[in-house]
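Contents: one structure, followed by commentary.
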Amino acid sequence: MRLPMCVLALAAFTLAPAQEEEKEKDIDNPHHGKQEMVEAGRKLYLNSCSACHGPTGEGGRGPGLIKSGMIRGASNRRLFTTIKDGVRGSDMPPSTLDDGKIWQIVTFVKYLNAPAYETSAAGNADAGERLFFGKAGCVECHSIRGRGGVLGPDLSGAGLTRTYAHLRESLLNPDERPTDGYQGVSIQLKSGRRVEGVARNQTNYSLQVLDAKGGLHLLSSLDIEQVSFRKGSLMPGDYKTRLSKSEIDDLLAFLSRQVIRVPEKEK
Amino acid sequence: MSARCWMLLAAAAVLSAQVRYEDILKGPSADWITYAGDYAGQRHSPLKQITVENAGHVVPKWFHSLEGAKRLECVPLVKDGVMYFTDSNTVVALDARTGRRIWRYKDEQVKRQDVNRGVALLGSRLYFVTSDAHLVALDAKTGGVHWSVSYAETKKGYFATVAPFAVKNLIIVGVSGGDSGMRGFVAAYHAETGKEVWRTYTIPARGEPGSETWGDLTVDWGGAGTWLSGTYDPALNLIYWTTGNPWPDFYGGDRKGDNLYSDSVIALDPDSGKMKWYFQFTPHDVWDWDAQSWPVLIDMEFNGRMRKVLLHANRNGFFYVLDRVTGEFLRATPYLDKLTWASGVDAKGRPILVPGMEPTPNGKVVCPSIRGGTNWMSHSYNPATGLLYFPTVEQCDVFTSSSKHPEPMKNFAGTGVEAIPKDPGKFYLRALDPKTGKRRWEYPMTGDTSMWAGTVSTAGGVVFFGDDDGHLVAVDARDGRHLWHFNTGQRLTASPITYEVGGKQYVAIAAASGVFAFGLFEPAVSVPPLKISDSR
């Protein structure tokens, strides 16, 4: 049986010679930034790579290509040669495609890992803004440029700090990748007072809790009677049913446009 | 409990991070809410739990290591038990009792990585500058971004390290870059909106008075950076900002004249940015002696009458007393033993130059060295002792120059200096009586003359300072007697602060890779494991 060609072996990226190779001057991707090449690469990827790496790079038999940061930090040279030559000692075979097509796959895999701002989200960002600050209720917990709640991560720069896939996953499956410092907590103090909020930090000796009104509670464990952590994310898990498909696209389009400053190359 | 219920619940007692202008006006308290501790720049805290008698019982309380940090130069600020400190393009909020992190903000888009001197607090926000000169407003509770504005362009030679300065509803910033060509300025931004309110250049525009003190190229690129935060007299409504060296640093042939307003202190109206007066310490500087050392505002008797004065131990080796209402020169006295470039100061405050002390192509030995007799590391003043405390280095350098045509932003400073291996120099903490300009006492340090750490004074009668060997040291403010020291094991390039949380006084300093906090020894209390019930 012919093995899928894009089984990128994670181990290959951690070997010392590979790291040294990264220091060499990189080669240019002739298709970089061309949307039609992303689409062409997507088709090739679905035919040749997705069986092992998953249709959206989420992984499977082969390693995931979107969460580890492995692809984001990899050079063009490394991606190209890994696909072209395969990875010896793994299930990743050499490719039989011509160089142009391999570059198309590289373009698509890079696209999967690009900040959301650099991808072309399908939805309507203006409609997404109305959802964010209105019906979807995001603003109750998340802020953008000082407007909104505090119990969820600030999203003012979400378009550059997260990939589109990450945003989508956070919206639709928030328990998959909870953000550090935002676990819901309820604390019964020995004084009888109760504190509810998110645990920004926690050790055996102290807790730093932010409540819904932005009050910080810097608590010593000696003052605490009982602590209860919320299982899973505070983020509601029902957006995939609460919002329509187009509303989800709109919201993601809006979030993808959020940057603190416009990237230099666009000025 | 539903997520929505969680959101709506709020506990009764909260710590507000609100810093009102009136709070800063009140001066130092349990908190440390502005770069200098107070608007007068005295860096003197009313806290007195740590005293001359018990300073020997000070012990480390916590250390917060910041990943990637190699040379922290910030002054941490503390408000309501939360500490804020910075590194390049990074701000961290900590629990000031435990050192545990509450949030971290990092601007990953910035390519430059320069040192950073700290934040300003005002309202519910904090403000800091990125290395590429963006002024950023963050929510003090969460680290969320409110706004970010570019206030200077790196392609025009600018970068930024300054701790912003909050006055009224304005956030005031300065710029770095004066060693390779730029035109310095101080600018004010509206704290709420981020809109620029005024901008005052430290080099006059072509045709303006003072522009004739520069050359054709240098009038546009002459430096005079503004990289140290200011001090402020609310009664006079004047802010005092120091300016950096003229460029090229070591060759003056392309800038024949006094090079106004480099190496000066300028008094600005905070509402308009208009310059009310200036005083230039080192006209036509060719030794890179920026005036960025601490301007301290006190009222004191001078020649039989009370005066509002500005104290300034300058990098050029002289200690100045100025009338801060008018800028009138009152007195200058050398605070160094090794001072060779000037024989004194005339009646107007202008240095009396010793001939032949300019840098030459073959090199000229001049004292003080390029770093000056003191520098931007913080100075402090104790009203009870009436003494000014500041780190001093006795050191000389070989200064060289070149008449090569300067090109802005090519990192050409007209050449530079070489150290003198057989005379490496020595640091002292010195206490000066501003009334006389005379040294009251000094505390010699060991080390390799690489430090840049400052001082803080307390009502407990203790002066804390970082020494040249990586120790935080406590001495008696009256006579400099050693009380306590702690080896941080790191190079110190920042200034200590003191604050109080939960009725306990702390002293903190940013070291190379993180922040240390100290307090009086207390026996440990056994902490049982937290009772954690299963979540709902």
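So that the names make sense, note that chain A is the first sequence line, chain B the second, and so on, each numbered from 1. Computed from a predicted model, the values in this text were never measured in an experiment.
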* Check whether more than 12 heavy atoms from other residues, nucleotides or ligands sit under 6.0 Å from atom OH of A:Tyr205, and answer yes or no. => no

* **chain B contact via A:Leu160 - side chain, backbone, both or neither, heavy atoms under 4.5 Å** => side chain

* **Charged N-O contact under 4.0 Å between B:Glu67 and B:Arg101** => yes

* Asked: Hey, are B:Ser131 and B:Gln113 close enough side-chain-wise for a donor-acceptor pair under 3.5 Å?
  -> no

* Of the listed residues (B:Thr98, B:Asp139, B:Ile102, B:Val527), which shares the most heavy-atom pairs with chain A below a 4.5 Å separation? -> B:Ile102

* **Heavy-atom proximity to chain B below 4.5 Å, by part of A:Gln226** => both

* To do: Would you mind checking which part of B:Val501 comes under 4.5 Å of any heavy atom in chain A, side chain (CB onward), backbone (N, CA, C, O), both or neither?
  => neither

* Tell me, for B:Thr142 versus chain A, whether the close heavy atoms (under 4.5 Å) come from the side chain, the backbone, both or neither. => both

* To do: Measure the spacing between CD1 of B:Ile532 and CD of A:Gln202 and express it to the nearest 0.5 Å.
  => 5.5 Å

* Could you grab the distance from atom CG of A:Asn29 to atom OG1 of A:Thr107, nearest 0.5 Å is fine? => 4.0 Å

* Structure fact -> Bottom line for A:Ser206: the part with an atom under 4.5 Å from chain B's heavy atoms is side chain

* To do: Measure distances from A:Glu225 to the heavy atoms of chain B and classify the residue's part below 4.5 Å as side chain, backbone, both or neither.
  => both

* Asked: Which of the residues A:Leu207, A:Thr203, A:Asn204 is involved in the greatest number of heavy-atom pairs with chain B at under 4.5 angstrom?
  -> A:Thr203

* What part of A:Leu189 lies closer than 4.5 angstrom to a heavy atom of chain B: side chain, backbone, both or neither? -> neither

* Asked: If we ignore angles and hydrogens, is there a donor and acceptor under 3.5 Å between the side chains of A:Gln258 and A:Ser156?
  -> no

* Determine, for B:Tyr506 and B:Arg97, whether the Lys NZ or Arg CZ falls below 6.0 Å from the six-membered ring centre while staying within 45 degrees of the axis. => no

